[in-house]
Number of protein chains: 2
Amino acid sequence: MSAGARPTLRDVATQAGVSPAIASRVLNADPTVRVREETRERIQGVAKDMGYVPHSVARSLRGARTGAIGLVMHGLDSPINVDVLAGAQAACARAGYVTLLADAEQLAGDHSQLSAFLARGRLDGVILHSGYGEEDRLLEAITSSVPAVLVNSEDGRPVPTVRVDDAAAARLATEHLIELGHREIAYIAGPEGSQTSDRREAGYRDTLARHDLGGAVDVVHAGWSAGAGTTAVHELLRRPTLPTGLVVANAVAASGVLSAFRDAGLAVPGQVSVITIHDSWFLQHLSVALTAVRLPLQVLGATAADLLIDTIEGRSPVRDVAITEPAPELVLRRSTGPTSRR
Amino acid sequence: MSAGARPTLRDVATQAGVSPAIASRVLNADPTVRVREETRERIQGVAKDMGYVPHSVARSLRGARTGAIGLVMHGLDSPINVDVLAGAQAACARAGYVTLLADAEQLAGDHSQLSAFLARGRLDGVILHSGYGEEDRLLEAITSSVPAVLVNSEDGRPVPTVRVDDAAAARLATEHLIELGHREIAYIAGPEGSQTSDRREAGYRDTLARHDLGGAVDVVHAGWSAGAGTTAVHELLRRPTLPTGLVVANAVAASGVLSAFRDAGLAVPGQVSVITIHDSWFLQHLSVALTAVRLPLQVLGATAADLLIDTIEGRSPVRDVAITEPAPELVLRRSTGPTSRR
DNA sequence: TTGTAGGCGTTATCAC
DNA sequence: GTGATAACGCCTACAA
């Protein structure tokens with residue numbers, strides 16, 4: 001063993017005067033092995049002295065596991081998505097897994113990146129953050145090589161699914177506006193095809209219907225970005241009359257909504273009330289501190305990780321999980337108030 | 001080979017009627033091998049038909065490389081840091097590396113997480129996002145096992161270093177306020193011990209000195225969070241007089257600064273001008289659209305990745321890189337204006 | 001032009 | 001109690 005090279009198990013064994021087999025079992029605390037206390041201590045001492053570190057690659061070649069989980073995310077420019085990432089990453093780390101991070105768009109767009117990521121033996125499983133684009137092709141490539149969990153998708157998919165209670169969050173937001181006296185409430189949606197946005201829209205429609213306001217349903221398609229929120233407002237401003245309340249599907253888009261109203265000289269909540277879904281640090285610093293429904297996004301990521309790890313380790317997991325604990329929670333700030341009209 | 005199992009190189013070779021050696025060389029496009037065109041096509045055809053995917057673990061056990069780079073980050077709750085992450089991740093992916101993501105605090109606080117991450121054979125190198133805490137212990141553990149690059153640190157470290165031109169950014173910010181007529185300009189610093197903040201502070205001091213304002217140096221220690229910015233303002237408000245201009249070390253902290261002024265009923269920029277360093281999507285949506293100096297953070301991450309990859313692949317890299325291209329750039333919004341006082 | 005064999009570092013099986 | 005040995009899948013001298 002030369003100076004720079006790390007010692008192998010064989011080096012340790014030789015140095016301790018035992019066979020590699022014994023050294024391996026002692027260092028892995030194999031409960032079925034019976035060795036003299038003295039031998040055990042000698043081996044452990046030598047390993048420590050030589051700075052022995054097990055070779056994870058050799059280990060996973062022998063066994064079948066790698067101790068690594070892939071996180072395929074998108075939209076990391078939004079803090080909302082980063083929350084999910086952070087929750088998943090932390091849960092994996094707690095369970096002893098390292099995490100490989102990839103960007104869904106990059107992976108879908110570059111075949112060689114995808115195969116590097118899914119190379120055999122690299123990953124024990126993948127958490128796929130469900131967006132609204134290339135998802136299906138990606139999902140197929142992934143599931144054909146390792147177990148996967150889908151975050152934020154509808155259930156009834158070929159793989160287990162985890163999501164927060166988007167409908168309940170939207171209901172809570174809509175109820176809040178109704179309680180304040182609003183009757184003309186629009187929903188500013190996410191991008192077309194987003195299941196997350198669709199579930200929120202369903203909650204919004206539900207709530208209007210339950211209050212006999214089903215005829216007032218008013219959905220404006222926008223997107224997840226601040227720019228999309230701004231565009232949506234410009235669209236509203238072209239109408240003869242404005243809704244008095246807005247449920248915005250996402251906090252980043254809501255930022256753009258608020259700025260657009262500020263630039264148009266409309267008072268929030270004086271002329272329009274705005275509430276959004278997702279809470280984040282920046283909401284209280286916007287042009288008007290933004291009222292929101294808090295959703296447990298870190299828990300979402302962590303639950304996906306736990307579910308995947310259960311699958312990997314052979315504990316049979318539930319299939320589709322809708323997270324209800326902690327429940328969506330109203331975070332009151334200054335962007336909603338009683339309606340002036342009617 | 002059973003139904004579920006993926007085919008191995010040997011399976012492909014057998015099926016194609018050749019030896020594993022030939023199959024390996026053909027599939028890896030070994031330029032020194034000379035095979036009949038027909039044989040080559042047969043091998044490639046069989047590999048494709050069987051869905052052969054090389055086993056990355058076996059490959060890296062044989063060779064020494066794993067094709068994986070570790071990203072040790074901190075503060076992913078701030079979009080500023082996420083920008084660096086995204087730049088590094090994308091650059092690694094472009095170069096054919098997968099990325100392992102870990103959180104610096106978690107790694108420093110949990111020994112078993114650290115050894116799982118640094119397990120032999122797992123990583124070809126590590127990008128360490130330099131913070132202000134556990135960095136040194138972490139750095140030692142990392143560098144003793146793989147090549148590393150430090151992002152955002154001073155140079156003169158035992159490993160190569162990459163950073164943006166923090167001093168120039170602070171100079172630009174300070175100059176801007178001076179040009180607007182401000183003479184009492186405070187610097188709202190990051191946390192104690194942050195080298196990034198120190199470099200910005202140096203730029204600020206420089207600029208004051210160059211304008212014969214050296215006596216007006218006024219540094220308030222805060223931190224990177226919005227809360228820290230708010231606290232710093234509260235501290236300022238206890239003074240008999242306020243500075244007329246503020247250079248805030250970081251855009252997240254600056255959010256808290258603006259909110260604190262709003263809550264205190266002070267007009268920005270009427271009574272105080274505020275400029276910050278780092279641009280991000282949320283700045284234009286704050287209570288006052290925030291003027292900032294844009295710094296190329298994605299480029300920072302990407303440069304760190306490129307530098308590390310050069311090291312790994314044996315191209316001798318420069319040691320310490322200060323990124324000057326693109327240069328820091330002033331992004332004018334509404335939070336700075338001529339001073340009313342003096 | 002193609003094949004054989006050895007070994008990367010581990011761990012599981014079986015024998016002593 | 002402990003040790004030899006084989007195998008995981010791949011790559012690459014060297015041989016034919």
Side-chain angles (χ1 to χ4, degrees), chain A residues 1-2 5-44 46-47 50-67 115-116 119-122 124 145, chain B residues 1-2 5-44 46-47 50-67 115-116 119-122 124 145:
Chain A
M1 159 200 167
S2 74
R6 315 288 308 226
T8 74
L9 182 63
R10 168 167 251 106
D11 296 328
V12 173
T14 310
Q15 190 79 13
V18 295
S19 75
I22 289 296
S24 167
R25 286 138 89 185
V26 164
L27 293 176
N28 290 308
D30 178 344
T32 72
V33 78
R34 308 218 37 82
V35 285
R36 261 195 293 271
E37 192 49 39
E38 177 208 313
T39 312
R40 153 173 283 116
E41 280 167 8
R42 187 155 31 92
I43 294 173
Q44 287 170 336
V46 169
M50 299 178 81
Y52 170 71
V53 179
H55 196 296
S56 68
V57 166
R59 197 175 251 182
S60 35
L61 181 58
R62 188 61 194 27
R65 293 259 302 289
T66 65
S115 28
R120 236 163 6 126
R122 177 107 69 193
D124 289 338
S145 78
Chain B
M1 157 204 166
S2 73
R6 316 288 306 226
T8 73
L9 181 62
R10 172 168 249 102
D11 296 328
V12 173
T14 308
Q15 190 79 14
V18 297
S19 76
I22 291 297
S24 168
R25 285 138 93 184
V26 164
L27 294 175
N28 291 308
D30 178 344
T32 73
V33 76
R34 310 217 37 84
V35 286
R36 258 195 294 268
E37 192 49 39
E38 174 209 314
T39 312
R40 152 174 282 118
E41 280 168 9
R42 186 155 31 94
I43 295 173
Q44 288 170 333
V46 169
M50 301 180 81
Y52 170 71
V53 180
H55 196 296
S56 68
V57 166
R59 196 175 252 180
S60 35
L61 182 59
R62 186 65 197 14
R65 293 258 302 289
T66 66
S115 22
R120 238 163 4 123
R122 178 106 69 193
D124 290 338
S145 78

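Naming convention: chains lettered A, B, ... in sequence-line order (proteins, then strands); numbering from 1 in each chain.
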Tell me, for nucleotides 7-15 of chain D in 5' to 3' order, what letter each nucleotide earns: B for a base near a protein heavy atom under 4.0 Å, S for only sugar-phosphate near one, - for neither? BBBBBB---
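- Not one side-chain nitrogen or oxygen of B:Thr39 sits closer than 4.0 Å to the OP1 or OP2 atom of C:dT1.
- Proximity of a side-chain donor or acceptor of A:Arg40 to a complementary backbone N or O of A:Val26 within less than 3.5 Å is not detected.
- Here B:Arg36 reaches the OP1 or OP2 of C:dT2: one of its side-chain N or O atoms lies under 4.0 Å away.
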side-chain contact (heavy atoms from CB on, under 4.5 Å), that's the test. Do A:Glu41 and A:Glu38 meet it? Break it down for me. CA-CA 5 Å; A:Glu41 280 167 8; A:Glu38 177 208 313; 5.7 Å; no
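- Using modelled atom types, no side-chain atom of B:Arg25 and backbone atom of B:Asp30 make a donor-acceptor pair closer than 3.5 Å.
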Derivation of the side-chain contact (heavy atoms from CB on, under 4.5 Å) call for A:Val46 and A:Ile43: CA-CA 5 Å; A:Val46 169; A:Ile43 294 173; 6.0 Å; no
I'd like to know whether B:Arg42 forms a side-chain contact (heavy atoms from CB on, under 4.5 Å) with B:Val18, so could you lay out the CA-CA distance, the side-chain angles of the two residues, the decisive distance to 0.1 Å, and finally the verdict. CA-CA 10 Å; B:Arg42 186 155 31 94; B:Val18 297; 4.2 Å; yes
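- Among the protein residues, B:Ser60 comes within range of no part of the nucleic acid, since none of its heavy atoms lies under 4.0 Å from any strand.
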